[in-house]
Amino acid sequence: MPPLPLPVDDVLPQVIAAVNEHGACVLKAPTGAGKTTRVPPALLESAVAGQIVMLEPRRVAARAAARRIAAERGSALGREVGYQVRFDRKASDATRILVVTEGVLLRMLQDDPLLERVGAVVFDEFHERSLSADLALALTQRVRASVRADLRIVVMSATVDPSRVAAFLGGAPVIESKGRAFPVEIEHRPREGDSRLENDVLRAVREAAERAQGDILVFLPGVGEIKRCARVLQPVARSLDADVVELHGELPPEKQDAVVAESTRRRVILATNVAETSLTLPGVRAVVDAGLERVPRTDPSIGLPRLETVRISRESADQRAGRAGRLAAGLCLRLWSRSEDARLDARREPEVRRADLAGAVLQLRAWGEPEPADFPWFEAPRAAALEAAEALLLRLGALEEGRLTSTGRAMARVPVHPRLARLLLAARQVGHPRRLALAAAALSERSPFVRMDRRASAEQHGASDVLDAVEALEAYEATGRLDAGARRLRPGPARFALRARDQLARFAPKASTGVDADEAVLRAVLAAYPDRVARRRTPGGERAVMVGGRGVRLDGASSVREAELFVCAEVDGGRRGERSEAWVRTASAVERAWLPASAVRTTAAAGFDEAQQAVAGFRRTLYEDLVLEDVAVQLARGPEVETALAEAAAADLDAALALDDPAVAGLRMRVSCLRTWRPDGALPEVALPAMDDDVLRTLLPHLARGRRSFAELRKAPLLDHLRGLLRWDQLQRLDREAPEHIEVPSGSRVRLTYELGRPPVLAVRIQEVFGLRETPTVAGGRVKVLMHLLAPNGRPQQITDDMPSFWANTYAGVRAELRRRYPKHAWPEDPLNAKAQRRPGRRR
DNA sequence: GAGCACTGC
């Protein structure tokens, strides 16, 4: 069929010229310009050698693009033009244009790191800035810049600032094309004071219904808001003779399709961000935008993922408004004011800045990149996030001494998160590879369970939600019944999980022997989440403490009701800045005997006296938390009093540690102490305080002694000890500044202050220093401990290293004040009084 | 005291 002319056709000659001359170009063109269909064939005609690979962010988009291109070129799909997505490939050796999704492109890069069969890579919809697309672009550019000058790159984007990509591609030309869209009238309808969102939505929908014809699309942040709005909108919809329909990612595909299909009746469509990028709704003439979205974020300092509800960006707002102008002029009502509008961020923070980077770092290393921090990312991730990713990979056994292990290489091939890859590879130790593949699939994909009423689930008891899923899926496979297991399954996700199982099982190690089939699942889950073991606070209770001291609460639908120890597999870290309890959706029991032997020593067995316990107990990212007395885990609610204890450097450990600066000696002592306490010997990356420059200056000469270069310095065992304490910028400074050039004030003493989590609770801190009533002795030397009492504004109120006077004066005063302010809180027993009562006659 | 964005090998 003769292709219809599209706006982008006008600029294709420029694109080809740019690509031929510079090897790369950036094409900025709005949706509807036709870039997806027209650019790859143009490259083909321009005699690009090798395959032309185009990246699409979604499977449907990849399939549709390949189909359209093939049709326009009059060829059968899978011959000259093909596609490859997960579970589906229509391509052959003759395929010149191959449309792929992100995972496929990353896999191609792993199998063929220099992309030798590929002549050009086209990145479509690059403005979406997914982590995978960022990574793929950076890898491709690295290949082009180093060894493949002939490789062509075209980046296509609707909105992103093209100059940045152009610069990244070594000064590639930017070409812009017009699109086709109808004007959308945008008006602001700010939220009314304290009114509920659904009421503001209701008003706006009424207005939109009067002023515009066609369907009304309402953008809301999540399912909860959608349900509440649906309830409020029902009567209005009836009076308009319209239907209220919901649209979000948890909906089964049939229902999504029904919403996307044209309708004869007028509709009010309540949608999440699916409707912003993934799905196009034909009949929409008006948009009501609440201006909010939920974004996932993994905060490296917390180490848990969480969902945040945030204001959308300008880019999203424009994209959402544009949804009203696809077929005719439209209307958009924004539920925020003009002044708020002026303060919107230009664009959403790209995924590389917020996501868990473990998978990306593993891919990078498998691709051959020795140092992810040195990698030329399109946009650099946060240093702390990179460090957290490396720490996790180390913990999972993928890394050793900064290099990928054979386990790590095997993990990189498995198409799931590194944790789940590790789960699968645990089959080598515990057997049952196919079962573990199913467990990994269930954890990787959408939950196969029907969402359950809490009360209905209260009867369930089990060892593991993961095992429940595995058993239910196995029962479904065997009997075809969705309710054959402990909990009811949803057909779509259940079938998908089984299919993913088949794919994953190909990567599972063979195993002839193994432990019991159920135990295998539990142990493999522990292997995947070694850092998320939690201990229940009270028998049968919902609340627990995770290693590191974080409080968690089990979802009511979890069947893990009894186990004292369990792994928090799927967990939401809760709201930012608040030390609210994390919410565990998926848990799995653990037996104490499965923890590493070193983890279950008691403090006495480990040879620590009471004072040492207290010192090491400041930050417990240790399994030992779980078996020690539960002193550090009382969580009070609400107190905003900020209390922190600071640990000081050692006073006279010099000889013992063969370092003459007391500050360094003490620090090293403490770090070693923490290290011994960790079952894997690694430092808790996230929990330790960063070192300030004073400390750094004190340390540098020690580190540098006898060494001339940073390369030598890097090998210093002390630096290794301190790595977890140094901030990334400090490490880089070490790298930049030759250590011998740093001036060190002689005899300087340095104070270290702990940054404790918030809201720090005095009760907890006080309990942590029970052992510190007297100046403690460690490794034959006396350790001075500096105590800081901080006011709510963070300013130190009192500093002392005189332990007896702290306990006698400060502690008593603070304790009384807190009791007065928070009378309802169950404060711990006063250790001083308790002791005093037990030993009558002793005065304090 | 309840609470679950969207993809993807």
Side-chain angles (χ1 to χ4, degrees), chain A residues 55-62 84-89 100-111 125 128-136 219-228 247-251 256 271-279 292-298 305-310 312 316 348-351 354-355 359-360 362-363 366 411-418 420-421 440-441 444-447 449 451-452 454 493 496 499-500 503-504 506-507 542-543 551-557 570-575 578 580-586 637-638:
Chain A
L55 176 66
E56 288 293 327
R58 279 164 289 278
R59 294 203 283 254
V60 268
Q84 184 176 348
V85 300
R86 191 180 188 188
F87 303 138
D88 190 8
R89 175 184 158 94
V100 300
T101 38
E102 292 167 347
V104 177
L105 180 55
L106 285 174
R107 177 49 39 84
M108 289 172 80
L109 277 156
Q110 294 296 354
D111 293 341
E125 313 279 6
E128 292 189 17
R129 293 293 311 279
S130 75
L131 177 53
S132 303
D134 266 26
L135 189 60
F219 280 103
L220 295 165
V223 178
E225 290 83 354
I226 286 178
K227 300 274 182 215
R228 284 194 290 276
L247 181 58
H248 51 84
E250 276 293 313
L251 236 45
Q256 288 187 0
T272 60
N273 258 346
V274 257
E276 190 181 308
T277 45
S278 303
L279 300 172
L292 299 169
E293 64 180 344
R294 266 203 265 288
V295 242
R297 167 183 296 279
T298 292
R306 64 163 185 261
L307 273 176
E308 274 180 3
T309 307
V310 296
I312 59 170
S316 286
R348 179 182 302 139
E349 198 173 26
E351 198 182 357
R354 358 170 281 257
L362 184 62
Q363 291 300 314
M411 281 165 64
R413 299 202 61 80
V414 189
V416 281
H417 188 278
L420 301 180
S444 176
E445 308 302 334
R446 286 185 188 287
S447 165
F449 290 133
R451 178 85 190 133
M452 217 185 341
R454 282 160 192 277
F496 197 88
R499 201 170 175 194
Q503 183 192 31
L504 292 176
R506 294 204 297 271
F507 298 94
E542 285 184 348
R543 301 173 69 218
V552 299
R553 186 185 286 269
L554 269 177
D555 189 295
E570 290 178 311
V571 52
D572 183 312
R575 274 166 288 180
E578 286 182 41
S580 60
E581 288 173 309
W583 174 46
V584 183
R585 284 200 301 279
T586 308
R637 293 202 154 257

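By convention in this document, chain letters (A, B, ...) are assigned in the order of the sequence lines, proteins followed by strands, and residues within each chain are numbered from 1. Note that these values count all heavy atoms, side chains included, but never hydrogens, waters or copies made by symmetry.
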Handout entry: Pairwise distance CG(A:Asp111) to CG(A:Leu106) - rounded to 0.5 angstrom
Key = 11.0 Å

Fill in the blank from the handout: Of B:dA5, B:dG8, B:dG3, the nucleotide closest to the side chain of A:Ser444 is B:dG8

Exercise for the section: Could you tell me whether A:Arg499 sits above the aromatic face of A:Phe87, with NZ or CZ closer than 6.0 angstrom to the six-membered ring centre and within 45 degrees of the axis? Expected result: yes

Exercise for the section: Indicate, with a heavy-atom threshold strictly under 4.0 Å, whether A:Val295 touches base, sugar-phosphate, or nothing. Expected result: nothing

Practice task
Please report, rounded to the nearest Å, how far the P atom of B:dG8 is from the CG atom of A:Leu109.
Solution key: 18 Å

Problem - Side-chain N,O (A:Arg107) to OP1/OP2 (B:dC9) below 4.0 Å - result: no

Exercise for the section: When you get a sec, tell me which of B:dC9, B:dG8, B:dT7 is the closest nucleotide to the side chain of A:Arg446? Expected result: B:dT7

Handout entry: Rounded distance in Å - CD (A:Glu308) to C1' (B:dG3)
Key = 14 Å

Problem - Interatomic distance, A:Arg543 CZ vs B:dA2 P [rounded to whole Å] - result: 13 Å

Practice task
Let me see the working for A:Thr309 and A:Glu293 under side-chain hydrogen bond (donor to acceptor under 3.5 Å, both in side chains), right down to the final yes or no.
Solution key: CA-CA 6 Å; A:Thr309 307; A:Glu293 64 180 344; over 6 Å; no

Problem - Short side-chain N/O contact from A:Thr309 to OP1 or OP2 of B:dA5, under 4.0 Å - result: no

Problem - Test log, rule side chain to side chain contact (heavy atoms under 4.5 Å, CB included), inputs A:His417 and A:Ser444 - result: CA-CA 8 Å; A:His417 188 278; A:Ser444 176; over 6 Å; no

Problem - Out of B:dC6, B:dC9, B:dA5, whichever nucleotide has its closest atom nearest the side chain of A:Pro415 - result: B:dC9

Practice task
Describe the nucleic acid contact of A:Val100 in one word from base, sugar-phosphate, nothing, applying a heavy-atom distance below 4.0 Å.
Solution key: nothing

Exercise for the section: Look at A:Thr272 and B:dC6 and indicate whether a side-chain polar atom (N or O) is within less than 4.0 Å of OP1 or OP2. Expected result: yes

Practice task
Give a yes/no on whether any side-chain N or O of A:Arg59 is located under 4.0 angstrom from OP1 or OP2 of B:dC9.
Solution key: yes

Completion exercise
Of the listed B:dA5, B:dC6, B:dC9, the closest approach to the A:Arg294 side chain comes from B:dA5

Problem - Spacing between A:Glu102 atom CD and B:dC6 atom C1', to the nearest angstrom - result: 11 Å

Exercise for the section: Could you tell me the separation between the CD atom of A:Glu276 and the C1' atom of B:dT7, rounded to a whole number of Å? Expected result: 14 Å

Completion exercise
Atom CD of A:Glu351 and atom C1' of B:dT7 are separated, to the nearest Å, by 8 Å

Problem - Nucleotide B:dA5, atom P - distance to CD1 of A:Ile226 in whole Å - result: 8 Å

Practice task
May I ask you to test the A:Arg58-A:Thr277 pair for a side-chain heavy-atom distance under 4.5 Å?
Solution key: yes

Practice task
Determine the contact category for A:Pro57: base if any of its heavy atoms lies under 4.0 Å from a base atom, sugar-phosphate if only primed atoms, P, OP1 or OP2 are that close, otherwise nothing.
Solution key: sugar-phosphate

Handout entry: Closest to the A:Trp583 side chain, choosing from B:dG3, B:dA5, B:dC9
Key = B:dG3

Exercise for the section: Can you tell me the distance, in whole Å, between the CD1 atom of A:Ile312 and the P atom of B:dC6? Expected result: 15 Å

Handout entry: Short side-chain N/O contact to B:dC6 OP1/OP2 from A:Arg348, under 4.0 Å
Key = no

Exercise for the section: Please tell me which of the listed nucleotides, B:dC9, B:dA5, B:dC6, lies nearest to the side chain of A:Thr101? Expected result: B:dC9

Completion exercise
Closest to the 5' end of DNA chain B, once A:Glu445 and A:Arg585 are matched to their nearest nucleotides, is A:Arg585

Exercise for the section: Test A:Glu351 against A:Arg129 for salt bridge (Lys or Arg N to Asp or Glu O under 4.0 Å), laying out the working first. Expected result: CA-CA 7 Å; A:Glu351 198 182 357; A:Arg129 293 293 311 279; over 6 Å; no

Completion exercise
5'-most contact on DNA chain B (nearest-nucleotide basis), A:Val584 vs A:Val274, goes to A:Val584

